[in-house]
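Shown next, in structure tokens, is the structure this report addresses.
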Amino acid sequence: MARGRRPARPVAAAVHAERAGHRHGLARPAARPAARPPLPDHPGRDSRTRPTGRRGRRVEGGDDGPARRGRLGGRGRRDRRRVPRHRFLPGTALPDAYDTHQAPVTKRTPGATVTSSVSAPWVQAAMLRDAALRPGDTVLEIGSGGYNAALVQEVVGPHGSVTTIDIDPYVTDRARRFLDDTGHHQVRVHLGDGEHAPAQLAAPDSVDAVLVTVEARDLPPSWTAQLADGGRLVVPLRVHGYTWSIPFTKRAGLLTADTYTVCGFVPLQGPGHREDAVTRLRGGEVTVRFADGTPVDTSRLDDALALPRVEHWTGITIPGETPFDMLLLWLATHLDGFARLAVPADHDPNIRTTPGGWDAAAVVRNDSLARLLTRKLPEDGTPLWEFGIHAYGPHADDLAQAMAHQVIAWDREARDTITPRLTVSSAQEAAPTASAAPDEDPAVITKQHVRLTFNWSAASPPRDHGGRAGQDS
């Protein structure tokens with residue numbers, strides 16, 4: 001279960017989820033990862049990140065050119081030179097093995113689904129930086145491949161401890177062989193389920209860092225319980241269908257974070273794997289996916305799609321190469337009934353109004369459906385795209401206005417200034433009954449193991465639980 005989704009291209013170009021952005025006439029997310037930070041000599045220092053809020057930092061690529069992308073700091077470069085990446089990728093051409101954005105595939109299923117790869121260097125650098133490793137640390141890696149574990153061993157040194165875990169014997173055998181071939185005999189390779197194995201391999205509160213190199217839809221108890229107070233859990237966490245690498249810090253039994261890096265990883269296999277709740281409409285032509293929360297009633301959406309479409313344009317624009325993943329997270333945490341909508345490229349033009357297929361942020365409510373899209377504006381200098389809403393159903397106008405209201409609110413309250421503080425607690429604990437402040441309205445997503453509480457700050461507008469939203473001008 002090694003890392004890296006979409007190995008033929010950079011993992012997670014800014015917002016893969018909004019596939020409409022890759023088509024003609026629509027805003028295209030950045031064709032590069034949302035973050036390529038270096039591994040600095042001192043944890044927490046990174047001169048290339050730009051602050052986007054008082055709570056955290058979100059890196060959005062920058063315009064420094066391909067030669068600087070994915071650059072590691074001095075210590076990171078030395079560690080990388082000591083670990084020959086190509087030795088873990090036999091049969092891969094050297095340029096591909098060392099390409100900053102490529103995640104070479106190491107295993108596929110008979111149906112061609114990728115189940116293992118070696119992460120792109122840019123995301124490995126980002127996650128190692130976020131783990132804030134020190135010499136002597138004890139580290140668990142969930143999802144193996146060998147190369148990343150070797151990098152970690154170089155950082156923690158001879159007095160540190162690194163254990164890498166994978167459920168696939170092909171992956172663990174391969175990792176063991178390449179680690180030994182490159183002299184990293186000290187790394188322990190364990191064949192087991194990444195959700196439960198940490199509890200068997202480490203005592204509670206004994207691990208300094210847990211690095212998860214597979215996409216996780218939940219946070220199993222063992223990942224937190226084995227982590228020492230002040231330790232770091234760096235995990236590609238999937239929230240409402242979108243994946244961010246999030247570095248959590250454990251304090252008094254709780255995990256907190258306020259930094260998000262868009263990424264893509266091979267999903268966790270075994271008991272921890274979770275599937276979306278999927279509804280297919282129009283005989284399979286349209287797919288609605290609910291990744292988190294309780295799916296709403298979709299039984300009348302076929303009828304809704306037969307009604308005339310309602311369009312609502314927000315007046316909020318964005319340059320074509322600018323990521324907008326925080327808008328998607330804002331919508332997912334402010335709108336009940338959030339889902340993702342997909343239509344094949346050659347299907348109904350009443351729903352798909354632009355060439356190519358798309359997979360859009362959507363809301364399902366009151367027998368109606370709305371989805372986010374963009375349109376290119378006439379060029380006058382910098383090319384701009386405008387966010388808009390298409391809605392269908394008996395309450396299409398209300399739903400379009402509610403979704404547009406949140407796009408405008410994000411632009412006014414959070415764009416380039418705020419990332420939400422995320423707190424993780426056990427799903428078995430009682431849910432919070434009140435906000436820390438009367439004007440705050442944190443969003444709560446409950447998964448099987450944990451409860452995620454997103455707090456965007458006191459400046460955030462109330463979450464939209466239904467009903468008509470006022471028109472913004």
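Below, each value reflects all heavy atoms present in this structure, side chains not excepted, and no hydrogens, waters or symmetry copies.
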Assess the pair Phe290 and Phe338: is the distance between their ring centroids shorter than 6.0 Å? no
Exercise: do Thr106 and Ser116 side chains pair donor with acceptor under 3.5 Å: yes
Counting C-beta onward and ignoring hydrogens, is there a side-chain heavy-atom pair between Leu201 and His190 closer than 4.5 Å? yes
Mind checking what makes salt bridge (Lys or Arg N to Asp or Glu O under 4.0 Å) contact with Asp96, not counting sequence neighbours? none
Test salt bridge (Lys or Arg N to Asp or Glu O under 4.0 Å) on Lys447 and Asp292 and set out the steps. CA-CA 7 Å; Lys447 295 177 177 280; Asp292 285 303; 2.5 Å; yes
I'd like to know if the side chain of His449 pairs up with that of Gln428 as donor and acceptor (distance under 3.5 Å, no hydrogens or angles considered). no
Report the C-alpha separation of Val407 and Leu372 in whole Å, then their side-chain angles, then the decisive distance to 0.1 Å, and conclude whether the side chain to side chain contact (heavy atoms under 4.5 Å, CB included) test is met. CA-CA 9 Å; Val407 174; Leu372 179 73; 4.1 Å; yes
Full working for salt bridge (Lys or Arg N to Asp or Glu O under 4.0 Å) between Arg176 and Asp173: CA-CA 5 Å; Arg176 179 73 276 161; Asp173 289 349; over 6 Å; no
Classify the side-chain pair Ser245/Thr261 by whether it contains a donor and acceptor separated by less than 3.5 Å. no
Phe248 side chain near Val234 side chain, heavy-atom distance below 4.5 Å: no
Only counting residues at least two apart or in another chain, list the ones meeting salt bridge (Lys or Arg N to Asp or Glu O under 4.0 Å) with Asp218. none
Donor + acceptor pair across side chains of Glu141, Asn148 (<3.5 Å): yes
Where does the angle between the aromatic ring planes of Tyr260 and Phe454 fall among parallel (under 30°), tilted (30 to 60°) and perpendicular (over 60°)? parallel
Beyond-backbone contact of Pro420 with Met326, side-chain heavy atoms, under 4.5 angstrom: yes
When Leu140, Val210, Asp205 are each screened for side chain to side chain contact (heavy atoms under 4.5 Å, CB included) with Leu227, the one that passes is Val210
Please work out which of the three classes, parallel, tilted or perpendicular, describes the rings of Trp244 and Tyr242, given edges at 30° and 60°. perpendicular
Contacts of Pro90 that satisfy side-chain contact (heavy atoms from CB on, under 4.5 Å) - sequence neighbours left out: Arg174, Phe178
In terms of side-chain heavy atoms, does Gln124 have a donor or acceptor partner in Arg129 at a distance below 3.5 Å? no
State whether Tyr147 and Arg85 meet the cation-pi test: NZ (Lys) or CZ (Arg) under 6.0 Å from the six-membered ring centroid, and within 45° of the perpendicular axis. yes
Heavy atoms, side chains only, cut-off 4.5 Å: are Val139 and Asp208 in contact? no
Min side-chain heavy-atom separation Asp336-Arg365 under 4.5 Å: yes
